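What follows is one structure encoded as structure tokens, with my remarks underneath.
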Protein chains: 2
Amino acid sequence: MQSYTEENYLKTIYHLAERTTNVQTNAIAEQMQTKPASVTDMIKKLADKGLVDYIKYQGVTLTETGKNTAIDIVRKHRLWEVFLVDKLNFKWDEVHDVAEELEHIRSVELIERLDEFLGFPKADPHGDPIPDKNGRFAKTQFIKLIELKVGDSGTITGVSQHSSAFLKHLEKLGLTLGKQIQVSDVTDFDGSVEIRLSDKQVNISREVAKHILISSNGKN
Amino acid sequence: MQSYTEENYLKTIYHLAERTTNVQTNAIAEQMQTKPASVTDMIKKLADKGLVDYIKYQGVTLTETGKNTAIDIVRKHRLWEVFLVDKLNFKWDEVHDVAEELEHIRSVELIERLDEFLGFPKADPHGDPIPDKNGRFAKTQFIKLIELKVGDSGTITGVSQHSSAFLKHLEKLGLTLGKQIQVSDVTDFDGSVEIRLSDKQVNISREVAKHILISSNGKN
DNA sequence: TTAAATTTTTAGGTAAATCTAAAAATTTTT
DNA sequence: AAAAATTTTTAGATTTACCTAAAAATTTAA
Ligand SMILES: [Mn+2]
Ligand SMILES: [Mn+2]
Ligand SMILES: [Mn+2]
Ligand SMILES: [Mn+2]
């Protein structure tokens, strides 16, 4: 049984490992809003518990057990987010912090029943896949909107930035999950992207386009 | 902002104060499954924070702030219990431990929306009243079943014992909330009570009868 | 291939919530 | 009103999760 803190470290390491091969102390510290020295302390503890493999100065990797634990927390986080949005009418930009607390509630029964109550959802409100109770989930194949060429089209299926400001911005532009889009132009001046939606046309900065994930309908 | 531990202490003191006027260190220790020395430490801290009034060797009482905080936790505990039973199909004997964790989730918005989602319930699965968002709730007037005389009837509206064993026992006997009962006999030998239900007759020990709460339909 | 910059670890400490053992205060019993 | 029993507090430690400052290792740049 892990403390909330240990669980948060495992989750952070898991997410960092999705992007980089070897996860560095400083990266963990930044993510956890703590100091590198504290991270080193915790890594040693997690290593003692067999949750991470650790060689001094070489970063960490999750062990099988550690990875399973992390995935379980991710599962809980995402299921609670679905609950908050689908059942309690929260907006997609309001759920993260509460889910951050709820994910630590320890009851296998609770999560299985919640999953069922929600209809075994496959993705959370941000398009992220929800692992099933055995920790399995499809590795979704997204393309960043920024990578599309003029004329390409697809469906918004996720975001790679969960800040409230970003999500609110997308909402205002009508760029929400499930929306069908087509890139109609890329501005020479600043690289901003012109998007055609079913009913309107919007312009988004490169920065925004980087964090919108598209499931492509192939080239057009 | 209080820690989970502080919240649990406040809630325990609140519940003990419902029964006794001055709440003793040892009583808190027993309830919290900890040592009296630890309780003294925590009481001092709560007193420093203005959540309890404390005079050495004289026990504690909650301040207005302390009491409001405690009631808020009780509200959350009971709302989550309703959620677990009504929405996730938990039995009334399965919800306590999970609610014990959920009650500490800190989000005013979450609880208000949960309350609404549940239809603003007035009582939890054990018949205990749920404070509204201003901390107000009707002080329910119960009679213990043990206090009824032969011939008296009423409705089961609560229990004063939340252990799984006790609740399972009641369930097996068909003595659940809302059931109409009449005392048909009190056994001379062991004081056990004979109860008439709509469809059957059951016998319960004095110990069980002490913990069933009845809203009386008056004498009969 | 040194020197400089960066990353990571170690050393030593703090605060919260516990504990045990022993002392002090209060209450109950003779 | 003593003595005995009970309750409560104090003293001194421990564990967890942090911290700062400084040392050590690694990586990058000159
Ligand atoms: Mn968290
Ligand atoms: Mn999410
Ligand atoms: Mn609790
Ligand atoms: Mn209850």
Side-chain angles (χ1 to χ4, degrees), chain A residues 1-17 19-62 66 69-70 73 100-101 103-104 106, chain B residues 1-17 19-62 66 69-70 73 100-101 103-104 106:
Chain A
M1 181 133 299
Q2 297 82 227
S3 67
Y4 283 19
T5 308
E6 287 166 354
E7 290 187 350
N8 284 331
Y9 269 95
L10 290 175
K11 198 179 60 156
T12 293
I13 295 166
Y14 175 79
H15 285 314
L16 288 170
R19 304 227 128 251
T20 57
T21 17
N22 111 315
V23 176
Q24 302 193 120
T25 304
N26 275 359
I28 299 171
E30 193 191 6
Q31 196 68 31
M32 298 282 300
Q33 311 236 66
T34 186
K35 305 290 159 171
S38 304
V39 173
T40 302
D41 285 348
M42 180 57 80
I43 285 172
K44 283 180 185 164
K45 191 172 148 196
L46 294 174
D48 284 348
K49 290 191 172 191
L51 296 162
V52 300
D53 290 320
Y54 167 59
I55 306 163
K56 267 193 199 178
Y57 292 99
Q58 308 275 115
V60 278
T61 45
L62 293 172
T69 308
I73 298 156
E100 204 59 45
E101 289 192 55
E103 71 190 357
H104 302 289
R106 256 178 268 277
Chain B
M1 179 133 300
Q2 296 82 227
S3 67
Y4 284 19
T5 308
E6 286 166 357
E7 290 187 349
N8 284 331
Y9 270 94
L10 290 175
K11 197 179 61 155
T12 294
I13 294 166
Y14 175 78
H15 285 313
L16 288 171
R19 305 226 128 253
T20 56
T21 18
N22 111 316
V23 176
Q24 301 193 120
T25 305
N26 275 0
I28 299 170
E30 193 191 7
Q31 197 67 32
M32 298 282 301
Q33 311 236 66
T34 186
K35 306 290 159 170
S38 304
V39 173
T40 302
D41 287 347
M42 181 55 81
I43 285 172
K44 283 180 186 164
K45 191 172 149 196
L46 294 174
D48 285 347
K49 290 192 172 190
L51 296 163
V52 300
D53 290 319
Y54 167 59
I55 307 165
K56 265 192 199 176
Y57 292 99
Q58 307 274 115
V60 278
T61 45
L62 293 172
T69 308
I73 297 155
E100 203 59 45
E101 288 192 54
E103 70 189 357
H104 302 290
R106 255 178 269 276

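This structure is a prediction, so every number in the text was calculated from the model and none was measured. Naming: A, B, ... by sequence-line order, numbering from 1 per chain.
As rounded to whole Å, 11 Å separates atom C1' of C/dT26 from atom CD of B/Gln24. The interatomic distance linking B/Tyr4 (OH) with C/dT18 (P) rounds to 15 Å, in whole Å. Separating the CD atom of A/Glu30 from the C1' atom of C/dT7 is a distance of 13 Å, rounded to the nearest angstrom. Atom pair A/Lys44:NZ and C/dA11:P shows a separation of 8 Å (rounding to whole Å applied). Atom CE in B/Met42 sits roughly 16 Å away from atom C1' in D/dT9 (whole-Å rounding). C/dA16 atom P lies 16 Å from atom CD of B/Glu7, rounded to whole Å. Remark: P of D/dA25 and CD1 of A/Ile55 are 16 Å apart, rounded to the nearest angstrom. A straight line from CG of A/Asp48 to C1' of D/dT16 spans 14 Å, rounded to a whole angstrom.
Residues A/Pro36 and A/Asn26 share a closest heavy-atom pair of CG-OD1, 3.2 Å. Residues B/Ala70 and B/Tyr14 share a closest heavy-atom pair of CB-CB, 3.6 Å. The two atoms that bring B/Thr21 and B/Thr61 nearest to each other are O-CG2, 4.4 Å, heavy atoms only. B/Val52 approaches B/Ile13 most closely through the heavy-atom pair CG1-CD1, 4.2 Å. For A/Ala47 against A/Tyr54, the heavy-atom pair with the smallest separation is CB-CB, 4.1 Å.
Helical stems in DNA chain C, defined as runs of 3 or more consecutive Watson-Crick or G-U wobble pairs with both donor-acceptor distances under 3.5 Å, are listed by first residue as C:1-30 with D:1-30.
Put simply, B/Asn26 has no side-chain N or O that comes within less than 4.0 Å of OP1 or OP2 on D/dT6. For D/dT10, one of the phosphate oxygens OP1 or OP2 lies less than 4.0 angstrom from a side-chain nitrogen or oxygen of B/Lys56. For C/dA23, the OP1/OP2 oxygens have no side-chain nitrogen or oxygen of B/Tyr57 closer than 4.0 Å. Residue B/Thr25 places at least one side-chain N or O under 4.0 Å from the OP1 or OP2 atom of D/dT9. Using a 4.0 Å cut-off, some side-chain N or O of B/Tyr9 falls inside it from OP1 or OP2 of C/dT18.
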Contacts under 3.5 Å, N or O only, protein and nucleotides 19-21 of chain D:
| residue | atom | partner | partner atom | Å |
| --- | --- | --- | --- | --- |
| D/dC19 | OP2 | A/Thr34 | OG1 | 2.7 |
| D/dC19 | OP2 | A/Lys35 | N | 3.3 |
| D/dC19 | OP2 | A/Ser38 | OG | 2.5 |

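Taking CD from B/Gln24 and CD from B/Gln58, the interatomic distance works out to 10.5 Å, rounded to the nearest 0.5 Å. The OG1 atom of B/Thr25 lies 12.0 Å from the NZ atom of B/Lys56; values are rounded to the nearest 0.5 Å. In this structure, B/Gln31 CD and B/Thr12 OG1 are separated by 5.5 Å, a value rounded to the nearest 0.5 Å. Atom CG of A/Asp41 and atom CG of A/Leu46 lie 11.0 Å apart (nearest 0.5 Å).
For residues 2-11 of chain B, every residue pair satisfying the side chain to side chain donor-acceptor pair (under 3.5 Å) rule, not counting sequence neighbours, is listed here: B/Glu6-B/Lys45, B/Glu6-B/Lys49, B/Glu7-B/His104, B/Glu7-B/Arg106, B/Asn8-B/His104, B/Lys11-B/Glu100, B/Lys11-B/Glu103.
When the nucleotides D/dT8, C/dT9, D/dC18 are ranked by their closest atom to the side chain of A/Pro36, C/dT9 comes out on top.
A/Thr40 comes within contact range of at least one nucleobase, with a heavy-atom separation under 4.0 Å.
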